[in-house]
There are 2 protein chains.
Amino acid sequence: MARTTGSHSDITGPRVLDAALRLFARHGYAAVSMRQIAKEVGVQAGALYNYTPDKQSLLFDLMKRHMQELLDTRSDHCRPGTALKQLEDFTRFHIRYHLDRSDEVFIAYMELRNLTPENFTVIEALRRRYENELETILQQGAVEGVFAITDSRIETMAVIAMLTGVTTWYRAEGRLSATEVEGIYWDMVRKAVSV
Amino acid sequence: MARTTGSHSDITGPRVLDAALRLFARHGYAAVSMRQIAKEVGVQAGALYNYTPDKQSLLFDLMKRHMQELLDTRSDHCRPGTALKQLEDFTRFHIRYHLDRSDEVFIAYMELRNLTPENFTVIEALRRRYENELETILQQGAVEGVFAITDSRIETMAVIAMLTGVTTWYRAEGRLSATEVEGIYWDMVRKAVSV
DNA sequence: GTCTATATGCTGATAGAC
DNA sequence: GTCTATCAGCATATAGAC
């Protein structure tokens, strides 16, 4: 127990990313030092560089992993159906997924400006792909005649902002369950875009 | 011209806050140094401490000033009327005000975690007062029978998140004017909360 | 009121022992 | 793979000259 030196490559690697995730979400990328991350993992600062070339890569890897998992999980849950049904699926999926990953979501929205320009471009492209999935649903609903779409891009951004906002106030121990919150938001989204 | 020393108290004070506002909004509080702020103002770092006791006070003063101006301006624009009319006023005011102050808004939402606990309490109280104004309108609309309110707190947070989100994508040189954007958002808000 | 100089400590990252 | 030691630089904030 409490071995202070030796080989831990199989467990230390994931622990570095986990520690960075938690600390970046809590204090912000710029305010967290490599020494703080190392302390959280239980190694010295120099050892971190066996797992990441630099601090920027930690942030980029966390954000890329989050966005790709978001897109992949969404693909798995995607079912054909009417625009209304697809919009309900998207709404409930987005809320549930975001409530389950509050740290990742927080970083993905707050730390964009701390990415290098090249890394920013990659993350923005992934985010745009996700937004486009919602926009496609809204456009399909307009074709079906069930949605009133003035400018599908704006309505897309408005719906996503509303849904993502749930992460800023929801607490699992609060008076409403995630399922109840889903229901209330779905009511609002449905009415907001319907004819 | 280019006087490098002397007395500028009347103009330097505001310039310090302005520089901090711009730099904090662009790079984030933690990533901006007092030297950067001083350089932007055109003085040496030590001179800043004639105008602020420390860096934290710069952030706190910016956020407090923003929240108080938001509340004051909202009070000036507030007119009696039906809940529907008041909600329209709130919606259009919120969008216009936030589009006109993108730097302040960005800081007010992104830098909360960089406030000391005492300062955070003050800012949160001001923000809560603003949110309560919207919640009161929604509750009044429920009493009038025109709004369908399941949980007025959640609907309040959902509407504010949707409206504030406009600052993340709106560009003055884009294809839509602020007034057009106001109209689209008002349509969505009205439908989202109506019976 | 601003300057220069400085105190004190932390930063990201690297080198070499084990 | 992790350690200790270290580099070169920047951080906030202060002291005292002008």
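First the proteins, then the strands, lettered A, B, ... as listed; each starts at 1.
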I need the full list of salt bridge (Lys or Arg N to Asp or Glu O under 4.0 Å) pairs touching residues 77-92 of chain B, with sequence neighbours left out, sorted by first then second residue. Lys85(B)-Asp89(B), Glu88(B)-Arg92(B), Arg92(B)-Glu182(B)

Closer than 4.0 Å, any side-chain N/O of Gln44(B) to the OP1 or OP2 of dT2(C)? no

Any ring-ring contact (aromatic ring centres under 6.0 Å, His included) involving residues 94-117 of chain B? Give me the pairs, sequence neighbours left out, ordered by first then second residue. Phe90(B)-His94(B), Phe93(B)-Tyr97(B), His94(B)-His98(B), His94(B)-Tyr130(B)

Proximal nucleotide (of dT11(C), dC3(C), dT2(D)) relative to the Gln36(A) side chain: dT11(C)

Nearest-angstrom distance from the residue atom NZ of Lys39(A) to P of dC10(C): 11 Å

Readout for nucleotides 12-18 of chain C: B = base within 4.0 Å of protein heavy atom, S = sugar-phosphate only, - = neither; 5' to 3' it is BBB----

Rounding to a whole Å, what distance do you find between Ile11(A):CD1 and dG1(D):C1'? 12 Å

Inter- and intrachain pairs under ring-ring contact (aromatic ring centres under 6.0 Å, His included), touching residues 166-190 of chain A, at least two apart: none

Is the phosphate of dT2(C) approached by Thr12(B) (side-chain N or O, under 4.0 Å from OP1 or OP2)? yes

Along DNA chain D (nearest heavy atom to each residue), the more 5'-positioned of Ala47(B) and Gly42(A): Gly42(A)

Would Leu126(B) and Gln68(B) count as a side chain to side chain contact (heavy atoms under 4.5 Å, CB included) here? Give the steps. CA-CA 7 Å; Leu126(B) 292 172; Gln68(B) 281 177 335; 4.2 Å; yes

Asp151(A): which residues meet the salt bridge (charged side-chain N to carboxylate O under 4.0 Å, His left out) condition with it, sequence neighbours left out? Arg175(B)

In whole angstroms, the gap separating P of dA13(D) from CG of Asn50(B) amounts to 14 Å

My understanding is that only residues two or more places apart in sequence, or in another chain, count here; which of them pass salt bridge (charged side-chain N to carboxylate O under 4.0 Å, His left out) with Arg113(B)? Glu111(A)

